[in-house]
A.B. asks: 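The structure that follows is given in the form of structure tokens.
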Amino acid sequence: MARPFDVKAVEAKWQDRWANDGTYEVDNDDPRERFFALCMYPYPSGAAHQGHVRNYTFGDLVVRYQTMRGKAVLSPIGFDSFGLPAENAAIKAGSHPRSFTEARMKELGSSLRRLGAVYDLRREVFSHDPEYMKWSQTIFLAFWKAGLAYRAEAPVNWCPGCATVLANEQVHADGTCDRSGDLVERRNLEQWFFRITDYAEELLHDVDPLEWPERVKTMQRNWIGRSEGVEFELALAHDPAAGLRVFTTRPDTGFGVTYAVIAPEHPMLGELTTDEERENVSELVARATSASELERTASSDDGAGLEKRGAFTGSFVVNPFTNARVPVYVADYVLGTYGTGAIMAVPGEDERDFAFATVHGLPVVRTTQPPADFEGGAYSGDGAHINSGFLDGLDVPAAKAKAAEFLAEHAKGVTKVNYRLRDWLVSRQRFWGCPIPIVYCDTHGMVAVPEDQLPVVAPDDVTMDQSGQSPLATHEEFRNTTCPVCGEPARREADTMDTFTDSSWYYLRFADPFTPGQAFDPVEAAKWMPVDQYIGGIEHAILHLLYARFYLKALVDIGMAPGLPREPFKRLFTQGMIRIDGTKMSKSKGNQIAPENYYETVGADGLRLFHLFAGPPADDVDWTDQTDEIIDGCARFIDRFYRLGQCEGVRFHDTFDDSDLAVRQALHRTIAKVTDGFERWGYNTSVAALMELLNTVSRWARSEEGAHRGTLDEAVDTMLKMLAPMAPHVTAELWDVRHPGEPSVHIQTWPVADPELVKQESVTMIVQMNGKVRARLEVDPDIDEEQAQSLALSDPAVVEALSGAAPTRVVARPPRLVNIIL
RNA sequence: GCGGGCGUGGCGGAAUUGGCAGACGCGCUGGUUUUAGGUACCAGUUCUAAGGAGUGUGGGUUCGAGUCCCUCCGCCCGCACCA
């Protein structure tokens with residue numbers, strides 16, 4: 001493809017200028033209205049791929065557009081530079097994760113520059129920078145001192161592939177690791193946790209007003225998983241003074257409780273197990289506790305495994321509603337970590353209980369009347385209560401309230417809210433992360449590393465393997481230290497922090513990396529926060545976004561961020577992913593189409609335009625055989641525009657005529673369309689509108705009659721401004737050619753449509769007969785109903801079709817249409 | 001199973017509040033320029049012979065439905081023993 005300008009040279013030239021001119025460096029006291037635009041900072045995996053191109057093109061467009069709207073736009077970038085891939089790669093290559101990571105940061109950084117993305121590089125942060133680590137550790141210690149970080153033994157997720165424990169959020173439902181895909185094991189280990197559950201309620205409520213994609217909000221809500229119910233006691237049959245506490249969201253179904261179930265981990269299991277049943281029970285417990293999540297869940301799909309997964313304990317409890325003795329089972333479908341670890345089982349209204357009861361021959365009592373056509377086993381819908389004594393006839397909500405009252409009086413019942421969300425496990429047995437700044441002293445226990453000794457930085461000469469022991473644990477020099485309190489020998493914590501801790505506060509550092517001696521100055525950071533537009537991938541819908549929300553709330557509460565909003569990201573946009581052959585285009589799958597392939601031919605501008613034009617930004621993009629042709633089409637558009645901007649083949653006329661007016665109207669209507677597209681993430685329609693306008697203007701300027709110079713200049717210069725955020729290089733170049741010595745197109749003011757020109761002085765009104773178009777009339781847009789009707793009825797085509805007959809009804813919707821009903 | 005979203009030409013996709021379906025682009029067809037190919041430029045391109053039909057299926061509301069309501073079918077995403 002022959003281009004009318006030297007793409008490579010032009011793009012390099014402007015990239016150099018932007019790196020040096022400071023246009024996109026903003027100070028915290030900038031007097032302009034502020035706008036914080038942020039793309040999720042990338043993990044440095046090497047040169048940018050198409051997913052990066054798409055992400056950072058959107059981000060750059062927002063930055064340049066808002067700048068042209070007169071705002072001081074904070075556009076920072078950095079690197080999520082701690083992480084497992086670098087450590088694993090370093091083990092393989094026998095190098096150090098730092099050198100590996102820093103080389104890739106360099107690559108990715110120049111890749112983004114090559115894309116034409118502009119940032120305030122003075123604010124750059126990366127997780128493994130000791131200056132950043134210092135504050136990551138300061139925050140950890142502040143959480144600890146505030147009781148938000150604690151150390152506890154718990155059954156945790158251990159990934160053999162990653163050789164570390166994982167957070168719940170990093171384990172899939174099928175029990176595999178989010179990163180490596182290995183089957184995760186359960187181990188009882190002492191680990192560090194953040195008390196994110198303290199914020200469950202607030203994290204749930206504060207989702208509502210956020211301008212985020214609905215599905216992300218739904219995912220957050222589901223993850224937190226609030227449920228309201230009653231916790232009460234089932235008295236033990238053999239010892240009525242004692243009881244088994246259970247949690248239920250359906251107290252109204254109490255009359256249908258025909259057995260109870262406790263989790264294999266339940267502390268009362270031993271006490272409830274009779275000698276006759278002891279063998280069965282211990283067999284089940286052994287299997288349940290050693291089984292992986294996968295094995296434990298796999299059998300739930302069919303009823304087959306259920307028999308083996310539960311055992312009778314030999315004990316009975318009393319149903320407080322019926323006073324009947326019901327058996328207590330132990331089964332692994334009840335989780336030890338949720339609610340009280342024990343349930344009342346209602347097979348008539350709960351599917352899992354129904355399946356279990358069926359296999360074990362336990363009675364089923366229905367307590368809610370299902371609809372006549374109901375055919376399933378358990379019925380969980382609404383309906384009148386039956387077989388339920390004093391609850392009979394009530395619907396579910398009313399029965400719930402009454403049953404709760406009853407339980408409060410007779411079974412030590414209390415209403416209770418439970419959450420699915422668990423505390424965040426933050427310690428990792430790996431090297432390439434931020435060390436946890438704690439020292440263990442025989443006398444003083446856990447002691448914080450004093451502020452003046454931060455950051456704790458890991459030594460370089462560490463043997464990294466995947467033994468499962470923290471690499472730092474075997475480094476005696478690092479490990480052995482003295483107690484900050486008594487000076488006696490002590491040992492350092494050897495675990496590092498989950499890398500999600502790094503990305504949980506980086507936006508604050510971006511807002512103010514300048515104030516010495518602080519992670520950020522709250523007053524300075526408050527000038528930018530919250531982030532006005534956050535952009536990233538849907539894969540972070542739960543983990544990163546939930547953690548970052550928690551961090552900010554916690555920082556405000558413990559006094560590190562007074563005056564800051566409690567939510568970090570006001571608006572979130574999640575872009576679609578790039579797919580090829582139906583799967584995600586990714587480095588690990590080796591199916592990438594490198595952006596570099598395009599830089600020499602269509603340029604960064606051409607590729608950017610493609611990503612903007614390909615479809616709605618939120619949708620996935622399929623990379624197909626057709627894609628290269630579409631990309632060529634985008635470059636062709638740039639070239640056609642460039643030629644027009646050089647007045648190639650243009651004829652001129654001297655006086656302003658009707659054709660000029662028509663072009664100006666088209667131009668101003670396009671301004672409105674493009675701006676609308678920018679405001680509602682409809683960049684594909686913005687590009688389409690500009691293409692359409694180019695067609696109109698080119699045809700006009702090259703016609704026999706020609707163009708008026710002033711009109712053409714207005715059209716081209718305005719189009720240059722609108723195209724500038726999308727294709728920044730070629731627009732900068734052409735603007736410079738047309739306006740040598742003047743300020744760049746990128747600091748011009750975004751065009752505003754003239755309402756007079758946007759307004760149509762005549763519109764096409766369609767005349768329908770029985771809903772079918774019979775005539776088109778040019779009418780005044782302000783035409784009233786009566787005028788529209790009489791115009792339509794006097795149209796020759798209509799008169800002929802009517803042939804004297806009177807219409808039944810005439811619907812006039814001026815100025816768009818008149819529908820004549822016969 | 002539960003929750004969310006989506007079905008429009010050969011393809012990617014456009015369509016304020018219900019009011020000319022298919023903007024824009026790709027591809028394809030024809031033409032101009034060119035020794036030729038490519039580039040560039042111009043014209044055409046939902047189906048149908050006409051009349052008409054047409055936005056996954058069937059129904060409904062309405063003068064009028066891609067758009068609103070219900071049924072079914074298909075696809076995508078998330079969650080999935082959370083009591």
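Letters go in sequence order (proteins before strands), and every chain restarts at 1.
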A.B. asks: Which nucleotide sits closest to the side chain of A:Ile766: B:C20, B:G13, B:G12?
C.D. replies: B:C20
A.B. asks: Before you tell me yes or no, could you show the steps for A:Glu349 and A:Thr367 under side chain to side chain donor-acceptor pair (under 3.5 Å), namely the whole-Å CA-CA distance, both residues' side-chain angles and the distance that decides it to 0.1 Å?
C.D. replies: CA-CA 8 Å; A:Glu349 275 79 31; A:Thr367 61; 3.0 Å; yes
A.B. asks: Taking only Lys NZ, Arg NE, NH1 and NH2, and the carboxylate oxygens of Asp or Glu, determine whether A:Asp208 and A:Arg221 approach each other closer than 4.0 Å.
C.D. replies: yes
A.B. asks: Taking B:C26 as the reference, what is the distance to B:A43 when you measure between their P atoms (whole Å, please)?
C.D. replies: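 My reading of the P atoms in B:A43 and B:C26 gives 14 Å.
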A.B. asks: Nearest of B:C26, B:C63, B:A23 to any side-chain atom of A:Val811?
C.D. replies: B:C63
A.B. asks: Hey, what's the ring geometry for A:Phe573 with A:Trp681, parallel, tilted or perpendicular (30° and 60° as the breaks)?
C.D. replies: parallel
A.B. asks: Consider the side chain of A:Thr685, meaning its heavy atoms from C-beta on, and name the nucleotide among B:A14, B:G12, B:C41 that approaches it most closely.
C.D. replies: B:A14
A.B. asks: For the side chain of A:Gln768, starting at C-beta, report the closest nucleotide among B:G12, B:G19, B:C79.
C.D. replies: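 Ranking B:G12, B:G19, B:C79 by closest atom to the A:Gln768 side chain puts B:G19 first.
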A.B. asks: Just the rounded figure in Å: distance from C1' of B:A14 to CG of A:Leu690.
C.D. replies: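 To the nearest whole Å, that distance equals 15 Å.
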A.B. asks: Pairing check on B:G37: which nucleotide meets the Watson-Crick or G-U wobble criteria with it, both distances under 3.5 Å?
C.D. replies: none
A.B. asks: Mark yes or no for a side-chain to base donor-acceptor pair under 3.5 Å between A:Asn819 and B:C63, with no hydrogen or angle criteria applied.
C.D. replies: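 Pair found.
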A.B. asks: Between atom CG in A:Asp619 and atom C1' in B:G7, what is the gap in whole Å?
C.D. replies: 13 Å
A.B. asks: Heavy atoms from C-beta onward define the side chain here; which of B:G3, B:A83, B:G10 lies closest to that of A:Ser227?
C.D. replies: B:A83
A.B. asks: Is a donor on one side and an acceptor on the other found under 3.5 Å between the side chain of A:Arg669 and the backbone of A:Val758?
C.D. replies: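 Yes, the answer is positive, given that a donor and an acceptor are paired below the 3.5 Å cut-off.
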A.B. asks: Measure CG/A:Asp625 against P/B:C26 and give the value in whole Å, please.
C.D. replies: 17 Å
A.B. asks: Side chain of A:Arg215, heavy atoms from C-beta onward: which of B:A83, B:C26, B:C77 has the nearest atom to it?
C.D. replies: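 So the side chain of A:Arg215 is nearest to B:C77.
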A.B. asks: Considering only atom P, compute the distance from B:G66 to B:A15 and round it to an integer number of Å.
C.D. replies: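 Between the two P atoms, the distance is 16 Å.
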A.B. asks: Do any N or O atoms from the side chain of A:Arg549 and from the backbone of A:Leu203 form a donor-acceptor pair under 3.5 angstrom?
C.D. replies: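 Here the side-chain-to-backbone pair exists.
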A.B. asks: Counting only side-chain heavy atoms from C-beta out, which of B:G25, B:A43, B:G13 sits nearest to A:Pro616?
C.D. replies: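 Selected nucleotide (nearest to the side chain): B:G13.
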A.B. asks: By the 4.0 Å heavy-atom rule, please label A:Arg420 as base, sugar-phosphate, or nothing.
C.D. replies: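 Counting heavy atoms under 4.0 Å across all strands, the contact made by A:Arg420 includes a base.
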A.B. asks: Which sits closer to the 5' end of RNA chain B, A:Arg643 or A:Met344, going by the nucleotide each is nearest to?
C.D. replies: A:Arg643
A.B. asks: Whole-Å distance between B:A43 C1' and A:Asn695 CG?
C.D. replies: 13 Å
A.B. asks: Using whole Å, report how far CD of A:Glu539 lies from P of B:C77.
C.D. replies: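 Atom-to-atom, A:Glu539 to B:C77, this comes out as 14 Å.
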A.B. asks: Determine the interatomic distance between C1' on B:G3 and the same-named atom on B:C47; round to the nearest Å.
C.D. replies: 39 Å
A.B. asks: Determine the Euclidean distance between corresponding C1' atoms of B:G64 and B:G9; express it in Å to zero decimal places.
C.D. replies: 24 Å
A.B. asks: Using whole Å, report how far CG of A:Leu817 lies from P of B:A65.
C.D. replies: 12 Å
A.B. asks: With hydrogens left out and only the distance checked, is there a donor-acceptor pair under 3.5 Å joining A:Glu692's side chain and the base of B:C24?
C.D. replies: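 When only heavy-atom distances are counted, A:Glu692 does not reach the base of B:C24 through any donor-acceptor pair under 3.5 Å.
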A.B. asks: Checking all strands, does A:Asp622 fall into the base, sugar-phosphate, or nothing category for heavy-atom contacts under 4.0 angstrom?
C.D. replies: nothing
A.B. asks: Using Watson-Crick or G-U wobble geometry with both distances below 3.5 Å, tell me the partner of B:G74, or none.
C.D. replies: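 Check on B:G74: paired to B:C6, both distances under 3.5 Å.
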A.B. asks: Is there a Watson-Crick or G-U wobble partner for B:A23 with both distances under 3.5 Å, and which nucleotide is it?
C.D. replies: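 Looking at the geometry, B:A23 pairs with no nucleotide.
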A.B. asks: So which nucleotide does B:G18 pair with, by the Watson-Crick or G-U wobble rule with both distances under 3.5 Å?
C.D. replies: none
A.B. asks: Without decimals, in angstroms, what is the distance between A:Phe354 CZ and B:G1 C1'?
C.D. replies: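 In whole Å, B:G1 C1' and A:Phe354 CZ are 15 Å from each other.
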A.B. asks: Considering just the side-chain nitrogens and oxygens of A:Arg636, establish if one lies under 4.0 Å of OP1 or OP2 belonging to B:A40.
C.D. replies: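 Yes.
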A.B. asks: Need one value for A:Arg422: base, sugar-phosphate or nothing, where a base atom within 4.0 Å counts as base even if backbone is also close, heavy atoms only.
C.D. replies: base
A.B. asks: Side chain of A:Asp382, backbone of A:Val396: donor and acceptor closer than 3.5 Å?
C.D. replies: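 Between the backbone of A:Val396 and the side chain of A:Asp382 there is a qualifying donor-acceptor contact (under 3.5 Å).
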A.B. asks: Taking B:A14 as the reference, what is the distance to B:G78 when you measure between their P atoms (whole Å, please)?
C.D. replies: 23 Å
A.B. asks: Counting only side-chain nitrogens and oxygens, does A:Asn684 get under 4.0 Å of the OP1 or OP2 atom of B:A14?
C.D. replies: yes
A.B. asks: At under 4.0 Å between heavy atoms, what does A:Glu214 touch on the DNA or RNA strands: base, sugar-phosphate, or nothing?
C.D. replies: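 Nothing, no nucleic acid heavy atom in range.
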A.B. asks: How long is the line joining CH2 of A:Trp223 and P of B:G78, in whole Å?
C.D. replies: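 About 13 Å, once rounded to whole Å.
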A.B. asks: Say we look at B:A50 and B:G38: how far apart would their C1' atoms be, to the nearest angstrom?
C.D. replies: 42 Å
A.B. asks: Can a donor-acceptor pair under 3.5 Å be found between the side-chain atoms of A:Arg813 and the base atoms of B:G19?
C.D. replies: yes
A.B. asks: Among B:C63, B:G78, B:A83, which nucleotide sits nearest the side chain of A:Ile821?
C.D. replies: B:C63
A.B. asks: Sub-3.5 Å donor-acceptor pair from the side chain of A:Asp639 to the main-chain atoms of A:Arg3, do we have one?
C.D. replies: no
A.B. asks: Scan A:Arg640 against the nucleic acid and name what it touches under 4.0 Å (heavy atoms): base, sugar-phosphate only, or nothing.
C.D. replies: sugar-phosphate
A.B. asks: Ignoring the backbone of A:Phe613, work out which of B:A83, B:G12, B:G78 is nearest its side chain.
C.D. replies: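 My answer, after comparing the listed nucleotides, is B:G12.
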A.B. asks: Could you give the distance separating B:G19 and B:U67 at their C1' atoms, to the nearest angstrom?
C.D. replies: 11 Å
A.B. asks: Reading RNA chain B from 5' onward, which residue's closest nucleotide shows up sooner: A:Thr218 or A:Arg579?
C.D. replies: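 Closer to the 5' end of RNA chain B: A:Thr218.
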A.B. asks: If anything within 90° of 0 is syn and all else is anti, what is B:G9?
C.D. replies: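 Here B:G9 takes the syn form, which means its glycosidic angle is within 90° of 0.
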A.B. asks: Begin from the C-alpha positions of A:Tyr338 and A:Ser227 and carry the test side chain to side chain donor-acceptor pair (under 3.5 Å) through to its verdict.
C.D. replies: CA-CA 11 Å; A:Tyr338 184 79; A:Ser227 64; 2.8 Å; yes
A.B. asks: Determine the Euclidean distance between corresponding P atoms of B:U48 and B:C68; express it in Å to zero decimal places.
C.D. replies: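 Each nucleotide's P atom is 31 Å from the other's.
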A.B. asks: I would like to know whether A:Tyr259 and A:Phe356 meet ring pair (Phe, Tyr, Trp, His ring centres under 6.0 Å); could you show each step before the answer?
C.D. replies: CA-CA 10 Å; A:Tyr259 64 100; A:Phe356 189 85; 5.7 Å; yes
